[in-house]
Each structure stands twice: as C-alpha cells, then as structure tokens.
S.K.: 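One structure, as structure tokens, below. Some questions next.
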Amino acid sequence: MGLKKEFKSDKPHSGFWGKLYLTQKQRKELLKWSLYGALLLVLSLLQDVVLCQIRLFGATTELVPVGIFLICILEGAESGSIFALVSSLLYLFSGTAAGPYSMVFITVLAIGVTIFRQAYLQKGLAAAILCAGVAMLVYELLQFLMGLFLGLTIPSRFIGFVVTAALSIIAIPILYPIALSIGTIGGETWKE
C-alpha cells in the first residue's frame with residue numbers, strides 16, 4: 001500500500017511580497033496611507049527648503065500641520081485621529097515643530113475639528129477649508145501663547161503668528177484636491 005500525502009506542500013513564493021499575503025483592499029489601504037505620508041514629506045521639504053526663504057512680516061508657512069488637519073478631516077475621526085497622532089509625532093521628531101506641545105496641539109485640534117465637521121457640516125471643500133482653517137488659526141494662537149508662557153517670544157510677534165496662519169490657510173484649497181484624490185484610493189473618502 002502506498003502512503004497518501006495528507007497535506008499538500010506550500011507553493012514556492014519568491015521574494016517578500018510573495019510570502020506576505022495582502023488582500024486587494026489591504027494593498028490599496030497601504031498605498032493610500034503611504035501616499036499620505038509621502039504628501040506630508042513633500043510638504044515638509046517644500047516648507048523647510050523653499051518656502052522658508054520667503055517671509056512676509058517675518059512669517060512663513062506651516063504646511064505640515066495644515067496637511068495633517070486636512071487629511072484627518074477627509075479620513076474621519078476613527079482613522080484620521082490615529083494618523084494625526086502618528087504624523088504629529090513624526091513632525092516633532094523631524095525637528096521642525098516648535099516643541100513637544102506641538103504634537104499635542106495638532107492631535108487634539110485635528111480630532112476636534114474632524115468630529116465637529118462630521119457632526120455639524122456636510123462633506124465638501126467649504127467644510128474642509130473652514131475646519132482646517134480654524135484648526136490652523138487656533139494652532140498658531142496656541143503656539144503663540146505657549147511661546148509667551150515659556151518666554152520664547154514677545155507680544156509684538158503676535159502679527160507674525162497670525163500671518164503664518166493666514167499663509168498656511170491659503171494652501172488648503174491647493175492641497176484639498178491632492179488629498180481628496182489620494183483618499184479615494186481603495187474606496188470612498190467620506191464614510192458617512
């Protein structure tokens with residue numbers, strides 16, 4: 001009597017991707033979050049290399065917090081809050097953030113405006129601009145107050161913080177279509 005094999009041997013896989021099983025949906029989600037990360041990296045490079053050379057009333061833009069707010073608003077409170085926490089932590093580690101308190105401000109504001117948008121406003125460009133713009137203005141005001149408290153700035157620099165918020169808010173309509181198109185990878189961006 002011949003012995004029957006009870007189990008079939010595994011098919012030989014080549015490389016890492018052959019051994020890692022991801023469904024089509026998981027691959028699209030991985031692509032989407034990787035593109036979001038790449039967008040923030042490009043924004044950081046653009047902010048720190050190019051736009052830092054352009055000053056208006058001693059102020060420049062802060063594109064990374066605007067990008068985090070916008071992505072969080074587009075993705076919703078559940079997954080957007082995790083993204084806001086992780087990306088604000090990476091923003092802190094990049095050395096560009098004003099201090100450790102920036103991570104807390106970005107995360108709390110991103111979650112707050114996202115919940116507000118989902119509860120009271122309809123999806124769309126106007127709601128995203130309003131929520132991300134308010135978050136950016138409040139973020140800059142909190143940065144100013146923390147700088148005053150720690151003795152890192154003086155009251156006469158208030159206008160610089162407001163101009164920074166205004167210049168950053170101007171970038172929202174430019175970033176919105178990019179973030180929205182990335183968010184549609186793997187399904188509809190708005191999950192309401």
S.K.: Between Ile159 and Leu167, is there a shared hydrophobic cluster once you connect ILVMFWY residues whose side-chain heavy atoms come closer than 4.5 Å?
M.R.: yes

S.K.: Supply the atom-to-atom distance Leu43 CG to Leu70 CG, rounded to the nearest 0.5 angstrom.
M.R.: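 Interatomic distance, Leu43 CG to Leu70 CG, rounded to 0.5 Å: 9.5 Å.
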
S.K.: Just so I know, are the side chains of Thr60 and Thr164 near enough to count as touching, which here means a heavy-atom distance under 4.5 Å?
M.R.: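 Sidechains of Thr164 and Thr60: no contact.
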
S.K.: Return the minimal non-hydrogen interatomic distance between Gly99 and Leu92, and the atom names on each side.
M.R.: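 Shortest heavy-atom contact: O-CD1, 3.4 Å.
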
S.K.: Quick one: CG on Leu141 to CE on Met146, what's the gap to the nearest 0.5 Å?
M.R.: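 Answer for the CG-CE pair, Leu141 versus Met146, is 13.0 Å.
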
S.K.: Do Lys32 and Glu75 have side-chain heavy atoms sitting under 4.5 Å apart?
M.R.: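 Heavy-atom side-chain distance check passes, below 4.5 Å.
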
S.K.: When rounded to the nearest 0.5 angstrom, what distance separates CZ in Phe161 from CG in Leu137?
M.R.: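 The CZ atom of Phe161 sits 12.5 Å away from the CG atom of Leu137.
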
S.K.: Is there side-chain contact between Leu148 and Pro155, with at least one heavy-atom pair below 4.5 Å?
M.R.: yes

S.K.: When clusters are formed by joining ILVMFWY residues with side-chain heavy atoms under 4.5 Å apart, either directly or through shared neighbours, do Leu175 and Leu40 land in the same one?
M.R.: yes

S.K.: Given 3.5 Å as the limit, does a donor-acceptor pair link the side chain of Ser168 with the main chain of Leu63, or not?
M.R.: no

S.K.: Give, for atom NZ of Lys123 and atom CD of Gln118, the distance between the pair rounded to the nearest 0.5 Å.
M.R.: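 CD of Gln118 is found 11.5 Å from NZ of Lys123.
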
S.K.: Is any side-chain heavy atom of Leu142 closer than 4.5 Å to one of Tyr101?
M.R.: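 When only atoms from C-beta onward are counted, Leu142 and Tyr101 do not touch, as no gap falls below 4.5 Å.
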
S.K.: Please find the pair of heavy atoms, one from Leu109 and one from Ala135, that lie closest to each other, and give the distance.
M.R.: CD1-O, 3.6 Å

S.K.: Specify the closest pair of heavy atoms between Cys72 and Thr114, including all atoms of both residues, with the distance to one decimal.
M.R.: SG-OG1, 3.2 Å

S.K.: Within the 4.5 Å heavy-atom criterion, are Asp48 and Thr96 side-chain neighbours or not?
M.R.: yes

S.K.: Do the side chain of Thr107 and the main chain of Val104 share a donor and acceptor less than 3.5 angstrom apart?
M.R.: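 Judged by distance alone, no pair lies under 3.5 Å.
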
S.K.: Answer yes or no: are there more than 12 heavy-atom neighbours, outside Glu78 itself, under 6.0 Å from its atom CD?
M.R.: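 12 or below, so no.
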
S.K.: Using the rule given for side-chain contact (heavy atoms from CB on, under 4.5 Å), can you reason through Leu31 versus Leu35, listing the C-alpha separation, both sets of side-chain angles and the distance that settles it, and then say yes or no?
M.R.: CA-CA 6 Å; Leu31 175 64; Leu35 288 174; 4.0 Å; yes

S.K.: Between Ile169 and Met136, which heavy-atom pair has the shortest distance, and what is it?
M.R.: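 Looks like CG1-CB, 4.1 Å.
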
S.K.: What orientation do Phe158 and Phe144 show, parallel under 30°, tilted 30 to 60°, or perpendicular over 60°?
M.R.: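 Perpendicular.
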
S.K.: Looking at Ala179 and Tyr36, what are the two nearest heavy atoms and their distance?
M.R.: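 For Ala179 and Tyr36, the tightest heavy-atom pair comes out as O-OH, 3.5 Å.
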
S.K.: Let me confirm one number: the CG-CD1 distance from Leu90 to Ile68, rounded to the nearest 0.5 Å.
M.R.: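 Output value for this atom pair is 8.5 Å.
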
S.K.: Does a side-chain heavy-atom distance below 4.5 Å link Ile106 with Leu85?
M.R.: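 No, too far: nothing below the 4.5 Å cut-off.
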
S.K.: For the residue pair Ala84 and Ser88, what are the closest heavy atoms and their distance?
M.R.: O-OG, 2.8 Å

S.K.: Under 4.5 Å between side-chain heavy atoms, hopping through other hydrophobics if needed: is there a path connecting Phe116 to Leu125?
M.R.: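 In one cluster: yes.
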
S.K.: Atom CG of Leu41 and atom OG of Ser87: how far apart are they, to the nearest 0.5 Å?
M.R.: 12.5 Å

S.K.: Do Cys131 and Leu121 make a side-chain contact, defined as non-hydrogen atoms from C-beta onward lying under 4.5 Å apart?
M.R.: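 A side-chain contact under 4.5 Å exists here.
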
S.K.: Going only through I, L, V, M, F, W and Y residues with side-chain contacts under 4.5 Å, is there a path from Ile82 to Val108?
M.R.: no

S.K.: Checking side-chain contact (heavy atoms from CB on, under 4.5 Å) for the pair Val66/Thr61: CA distance, chi angles, key distance, verdict?
M.R.: CA-CA 9 Å; Val66 167; Thr61 61; over 6 Å; no

S.K.: Given the rule that I, L, V, M, F, W and Y join up when any side-chain heavy atoms are under 4.5 Å apart, are Ile185 and Leu74 in one cluster?
M.R.: yes

S.K.: Any non-hydrogen side-chain atom of Pro65 less than 4.5 Å from a side-chain atom of Tyr91?
M.R.: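 They are in side-chain contact.
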
S.K.: Between Val162 and Glu140, is the side-chain contact (heavy atoms from CB on, under 4.5 Å) condition met? List the steps.
M.R.: CA-CA 7 Å; Val162 173; Glu140 285 299 323; over 6 Å; no

